[in-house]
Amino acid sequence: MFFRHFLLALCSLCLLAGCQKAPEQQRLIMPDLVVAIAPFTQPTQTNELLSGFIPEDQQKISEETLAKMDALFRDKLNPKSHPYVFLSDADIEGDMVRDARGRRSAIMTWAVRARDAGADMIIVPQVITMQERVGSKAGVVSAAAVNEDFYLIDAREPVTLVMRSHFAEEQKPLSSDITRIGAFFRRGGGWVTALELAAEGMDKAVEEFGL
């Protein structure tokens, strides 16, 4: 009898928990706000960073690769969600803006670029390092690796860094980490390119920012 009552109580708790709605994800960007999308850049100096650091062995990423990343990221954004303004390389040229203490400020610079484009907020994608796959989908000598960040900045006063989406990944063989089996099958069971790996970071940012 006791066991029967215990099961009934357990089922009731499960049903109650199932009826409760999960809390909605915090809305970071209101639908009526205009969002500027900066092109991908590779910071090479500390004052260009919004967080993190630049490794000593940083290798330059080609303009062609950065352009491919811009196009890939743009395709992942839903124009029905927010009014987007896509900035070009020419739109972000010029000296860095200085803060109230006269120091070059990356966040103030991006906020000014956004306001100049008529935007309320700006998403700044930065790729720190990118290592291309050496080999093929079937096998590699060295795997692809990416270290990239996406920053959501409110360009209105007071300028605020709302959120950072960080993605640092080097593809590993399944035998070295069985917990990565989900990523292994999601990647088609093969070795991906650096651009394909970077796209995973873009998907992560799109989801976290609610884009």
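Quantities reported herein were computed from a predicted structural model and do not represent experimental measurements.
Note on Leu152 and Met30: same hydrophobic cluster, where clusters join Ile, Leu, Val, Met, Phe, Trp and Tyr whose side-chain heavy atoms are under 4.5 Å apart, directly or indirectly. Cluster membership for Val85 and Val35, using ILVMFWY side-chain heavy atoms within less than 4.5 angstrom, is not shared. Val206 and Ile153 fall into different hydrophobic clusters, defined by Ile, Leu, Val, Met, Phe, Trp and Tyr side-chain heavy atoms under 4.5 Å apart, directly or through other members. Ile29 and Val162 end up in the same hydrophobic cluster when Ile, Leu, Val, Met, Phe, Trp and Tyr side chains are linked at under 4.5 Å.
For Thr65 against Ser62, the heavy-atom pair with the smallest separation is OG1-OG, 2.9 Å. Across every non-hydrogen atom of Phe167 and Gly201, the tightest pair is CG-CA, 3.4 Å. Ile61 and Met130 get closest at one heavy-atom pair: CD1-CB, 3.7 Å. Of all non-hydrogen atoms in Ala155 and Ala119, the two that sit nearest each other are CB-O, 4.5 Å. Taking both residues in full, the closest heavy atoms of Ile107 and Thr160 are given as CD1-C, 4.1 Å, listed atom of the first, atom of the second, then distance. The two residues Val127 and Gln42 come nearest to each other via the heavy atoms O-CG, 3.2 Å.
Between Leu33 and Arg156 the shortest side-chain heavy-atom distance falls below 4.5 Å. Residues Thr193 and Arg133 are in side-chain contact: their nearest non-hydrogen atoms beyond the backbone lie under 4.5 Å apart. Looking at heavy atoms from C-beta onward, Met69 lies in side-chain contact with Glu148 at the 4.5 angstrom threshold. Looking at heavy atoms from C-beta onward, Asp149 lies out of side-chain contact with Leu50 at the 4.5 angstrom threshold. Side-chain atoms of Pro39 and Leu66, non-hydrogen and from C-beta on, never get closer than 4.5 Å to each other.
For the side-chain contact (heavy atoms from CB on, under 4.5 Å) with Trp110, the lone residue among Val97, Val124, Ile123, Leu161 that qualifies is Val124.
Atom CG of Asp75 is surrounded by more than 12 heavy atoms from other residues, nucleotides or ligands within 6.0 Å. For CZ of Arg104, the number of neighbouring non-hydrogen atoms (other residues, nucleotides, ligands) closer than 6.0 Å is 12 at most. Summarising the local packing, CD of Glu157 is surrounded by more than 12 heavy atoms from other residues, nucleotides or ligands at distances under 6.0 Å.
Once rounded to the nearest 0.5 Å, the distance linking CZ of Phe86 with CG of Leu77 reads 5.0 Å. Expressed to the nearest 0.5 Å, how far CD1 of Ile128 lies from CD of Gln59 amounts to 14.0 Å. Put simply, CD on Gln171 and CD on Glu196 are 9.0 Å apart, with the number rounded to the nearest 0.5 Å. Expressed to the nearest 0.5 Å, how far OH of Tyr151 lies from CE of Met121 amounts to 15.5 Å. The distance from the CG atom of Leu197 to the CD atom of Gln131 is 10.0 Å, given to the nearest 0.5 Å. Rounded to the nearest 0.5 angstrom, Leu49 CG and Thr44 OG1 are separated by 9.0 Å.
Using modelled atom types, no side-chain atom of Asn147 and backbone atom of Ala168 make a donor-acceptor pair closer than 3.5 Å. Asp116 contributes no side-chain N or O that, together with a main-chain N or O of Arg113, makes up a donor-acceptor pair within less than 3.5 Å. At distances below 3.5 Å, at least one donor-acceptor pair connects side-chain atoms of Gln58 with backbone N or O atoms of Pro43.
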Trace of the side chain to side chain contact (heavy atoms under 4.5 Å, CB included) decision for Met108 with Arg103: CA-CA 10 Å; Met108 292 302 298; Arg103 301 171 300 184; over 6 Å; no
Pair Arg115-Val159, side chain to side chain contact (heavy atoms under 4.5 Å, CB included): steps then yes or no: CA-CA 11 Å; Arg115 292 199 295 265; Val159 175; 3.8 Å; yes
Tyr84/Leu211 under side chain to side chain contact (heavy atoms under 4.5 Å, CB included): CA gap, chis, key distance, verdict: CA-CA 10 Å; Tyr84 292 117; Leu211 302 175; 3.6 Å; yes
Candidate pair Lys204 and Glu200, rule salt bridge (Lys or Arg N to Asp or Glu O under 4.0 Å), full reasoning: CA-CA 6 Å; Lys204 178 174 180 286; Glu200 295 184 15; over 6 Å; no
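A salt bridge links Lys76 with Asp203; the closest basic N to acidic carboxylate O contact falls under 4.0 Å.
Relative orientation of the Phe150 and Phe73 rings is tilted, given thresholds of 30° and 60° on the angle between their planes.
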